[in-house]
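Read through the structure below, which is laid out as structure tokens, and then see the notes.
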Amino acid sequence: MSLAWINQTDFARAVPASAHEIEDALVATCLTAAAQGDTSAYYDLGVAFSTGSHGVDCDMIEAHKWFNLAAVAGHEEAAMCRADVAEEMTASEIAEAQRRAREWLSSTTRRAA
């Protein structure tokens, strides 16, 4: 996960914990930022789910969802990653990822209103 908006070293130093707890906290931080519409967080979550890194299981549907959200928000690299991930997915998996992306947008828009 690139986490361009958070310094992992500073984060680890501030929160003495096991590597697993740090990964969980980083993903939680990403999810919080994503709920606020942070495009970099969308992208970072896509990377985590597409590679099975930072304590999450590899899940191409979730990866596509996050890359799609980032791409729609104008993240060019995410659009390329979404296309790469889609090549490994069935049409029904892509449809499920798109449904989840719409559901995420709907739920975060309602909370913001």
dist M60:CE -> E93:CD (nearest 0.5 Å) comes out at 9.5 Å

Derivation of the side-chain contact (heavy atoms from CB on, under 4.5 Å) call for L45 and V27:
CA-CA 7 Å; L45 287 163; V27 171; 4.3 Å; yes

Search all heavy atoms of [X] against all heavy atoms of [Y] and return the closest pair with its distance.
| X | Y | value |
| --- | --- | --- |
| W104 | L31 | CH2-O, 4.1 Å |
| W66 | G46 | CB-N, 3.4 Å |
| A41 | A33 | CB-CB, 3.7 Å |
| L105 | Y42 | CD2-OH, 4.4 Å |
| A97 | M89 | CB-CE, 4.3 Å |
| F49 | D57 | CD2-O, 3.6 Å |

Residues at least two apart in sequence or cross-chain that pass side-chain contact (heavy atoms from CB on, under 4.5 Å) with S92, listed by chain then number, are T90

Between side-chain atoms of residues 72-84 and protein atoms elsewhere (two or more places apart, or another chain), which donor-acceptor pairs fall under 3.5 Å?
unit_1: H75; atom_1: ND1; unit_2: A78; atom_2: N; d: 3.1
unit_1: E77; atom_1: OE2; unit_2: Y43; atom_2: OH; d: 2.9
unit_1: R82; atom_1: NH1; unit_2: N68; atom_2: OD1; d: 2.6

Partners meeting salt bridge (Lys or Arg N to Asp or Glu O under 4.0 Å) with E96 (sequence neighbours left out):
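Applying salt bridge (Lys or Arg N to Asp or Glu O under 4.0 Å) to E96 gives R99, R100.
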
Taking S106 for its side chain and R102 for its backbone only, find out whether a donor-acceptor pair lies under 3.5 Å.
no

